[in-house]
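This report refers to the structure that appears directly beneath it.
Throughout, protein chains are lettered first and strands after them, A, B, ... in sequence-line order, and every chain is numbered starting at 1. Note: hydrogens, waters and symmetry copies are ignored here, and every other heavy atom, side chains too, is used.
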There are 2 protein chains.
Amino acid sequence: MRRTRFDEWPCPIARTTDLIGDWWTPLVLRDAFAGCRRFEQFQESLGIPRAVLAARLDRLVDEGLMERRRYEEHPPRYEYRLTAKGRAFWDVLAAMWRWGEDWLWEDGAEPPLMLADRETGREVRPVMVDETTGERLDVRTIRIRSRRGARRAAGA
Amino acid sequence: MRRTRFDEWPCPIARTTDLIGDWWTPLVLRDAFAGCRRFEQFQESLGIPRAVLAARLDRLVDEGLMERRRYEEHPPRYEYRLTAKGRAFWDVLAAMWRWGEDWLWEDGAEPPLMLADRETGREVRPVMVDETTGERLDVRTIRIRSRRGARRAAGA
DNA sequence: GACACAGGGTTCACTACTTGAACTGAGTCC
DNA sequence: GGACTCAGTTCAAGTAGTGAACCCTGTGTC
């Protein structure tokens with residue numbers, strides 16, 4: 001009776017959910033973006049149980065979002081760094097950031113943290129657009145459909 | 001020894017994680033976007049245990065992402081619909097979709113599903129940009145910082 | 001009125017996952 | 001030799017997820 005797995009489902013959202021549905025995982029990734037690399041750094045920053053942190057890092061390495069490398073020979077010390085796949089995940093965290101910021105401080109308060117440009121210091125506010133048109137996504141105009149249907153519709 | 005809660009943490013990612021870190025929740029929302037409204041529809045579409053579905057819908061209603069309304073008096077029947085807060089969550093799912101599509105079918109295969117414009121049928125490919133500049137987000141140029149620090153830096 | 005059926009759940013026994021604290025082990029510093 | 005650091009592992013207790021069965025209200029049908 002294992003927890004239902006989504007990682008073989010045909011839907012990209014399902015597969016992604018399988019990964020970040022593990023409790024703590026998005027926060028481990030957030031800390032990695034913020035510069036954490038060593039086991040102890042993640043552990044102290046988050047207050048996460050050590051066994052859970054070890055399991056999460058292992059999975060992120062297995063899935064190819066992070067890599068574990070030795071950065072010191074004597075004594076042997078390891079660090080965890082984001083790979084290209086892991087860095088690409090930033091868009092998901094940015095979307096979570098923006099939605100949380102907009103909707104989870106409802107009594108007129110503002111979150112104490114913000115995203116800012118590293119150089120100019122100006123606030124960054126992420127939004128989702130369509131890559132080809134550059135226009136903001138509008139749920140009402142989008143639907144999920146099968147690619148085969150799409151090919152058929154295009155006459156292929 | 002309850003699961004650690006993130007819903008009061010100062011970081012928007014942490015608060016959002018608290019919500020979608022519940023197993024199944026992003027898939028319930030996906031189905032809601034795809035048009036599901038009734039308990040039975042969600043249950044059949046996902047194959048989710050009924051008790052878990054009831055708990056997830058309750059929470060989504062509590063948090064204000066969905067509302068439960070009676071759509072028929074005799075017999076009494078209820079449906080769950082997305083609120084504005086819930087619809088705004090689409091950007092997070094779109095980010096998950098895009099990342100999953102790009103990185104979770106690694107052996108050259110394509111996911112069998114796609115996002116498409118409801119009318120033209122053209123594929124939609126979501127990307128994150130900065131609202132003011134319109135440029136794609138680049139992790140390396142962004143950092144997380146405190147708003148108070150920002151005010152101080154701006155001389156306010 | 002008796003029976004079957006549908007929607008929308010609840011209850012229950014069984015596991016898998018989280019938690020917090022303690023422990024391990026390699027290697028350095030003094 | 002003793003204290004200390006990093007990077008984990010082990011373990012008991014408790015919480016959450018799973019699958020199946022059950023419940024209740026109300027319809028429709030004989």
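Applying the under-4.5 Å side-chain rule to Ile, Leu, Val, Met, Phe, Trp and Tyr, the cluster around B:Val127 extends to A:Val127, A:Val129, B:Val129.
Residue A:Arg68 is classed as a sugar-phosphate contact, given heavy-atom separations below 4.0 Å to backbone atoms only.
Taking 4.0 Å as the cut-off between side-chain N and carboxylate O, A:Arg38 and A:Glu44 do not count as a salt-bridged pair. Checked for salt-bridge contact, A:Glu40 and A:Arg50 meet the test: a charged N lies under 4.0 Å from a carboxylate O. Under the 4.0 Å criterion applied to side-chain N and carboxylate O atoms, B:Asp138 and A:Arg118 are not assigned as salt-bridge partners. Using a 4.0 Å cut-off between charged side-chain N and carboxylate O, B:Arg59 and B:Asp18 make a salt bridge. The residues B:Glu8 and B:Arg5 are annotated as not salt-bridged, no charged nitrogen and carboxylate oxygen being separated by less than 4.0 angstrom.
With DNA chain C read from its 5' end, the first of the two nearest nucleotides for B:Arg38 and A:Gly47 is the one closest to B:Arg38.
Rounded to an integer number of Å, the gap from CZ of B:Arg37 to P of C:dG9 is 16 Å. Put simply, CD on B:Glu79 is 17 Å from C1' on C:dA6, counting in whole angstrom units. To the nearest angstrom, P of C:dG9 lies 11 Å from CZ of B:Phe42. Atom pair A:Gln43:CD and D:dT5:P shows a separation of 14 Å (rounding to whole Å applied). Rounded to a whole Å, the CD atom of A:Glu44 is 15 Å from the C1' atom of D:dG8. If you take CG of A:Leu53 and P of D:dG8, they are 8 Å apart, rounded to a whole angstrom. Taking atom CD on A:Glu40 and atom C1' on C:dG27, their separation rounds to 15 Å, with Å as the unit. Between the CG atom of B:Asp18 and the P atom of D:dA16 there is a distance of 11 Å, given to the nearest Å.
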Revision key, fill the gap. Contact string for nucleotides 21-30 of chain D, one letter per nucleotide 5' to 3', B = base within protein heavy-atom range under 4.0 Å, S = sugar-phosphate only, - = neither, reads B----SS---

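A:Trp103 does not carry B:Arg15 over the face of its six-membered ring by the limits of under 6.0 Å from the centre and within 45° of the normal.
OP1 and OP2 of C:dA26 both lie 4.0 Å or more from every side-chain N or O belonging to A:Tyr78.
No side-chain heavy atom of A:Phe6 sits less than 4.5 Å from a side-chain heavy atom of A:Leu19.
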Collect all protein-nucleotide pairs involving nucleotides 13-19 of chain C in which both atoms are nitrogen or oxygen and the distance is under 3.5 Å.
unit_1, atom_1, unit_2, atom_2, d
C:dT18, OP1, A:Arg56, NH2, 2.6
C:dT18, OP2, A:Arg56, NH2, 3.2
C:dT19, OP1, B:Thr4, N, 2.7
C:dT19, OP1, B:Thr4, OG1, 2.8
C:dT19, OP2, A:Trp24, NE1, 2.6

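Counting non-hydrogen atoms of other residues, nucleotides and ligands closer than 6.0 Å to CD of A:Glu119 gives a total of 12 or fewer.
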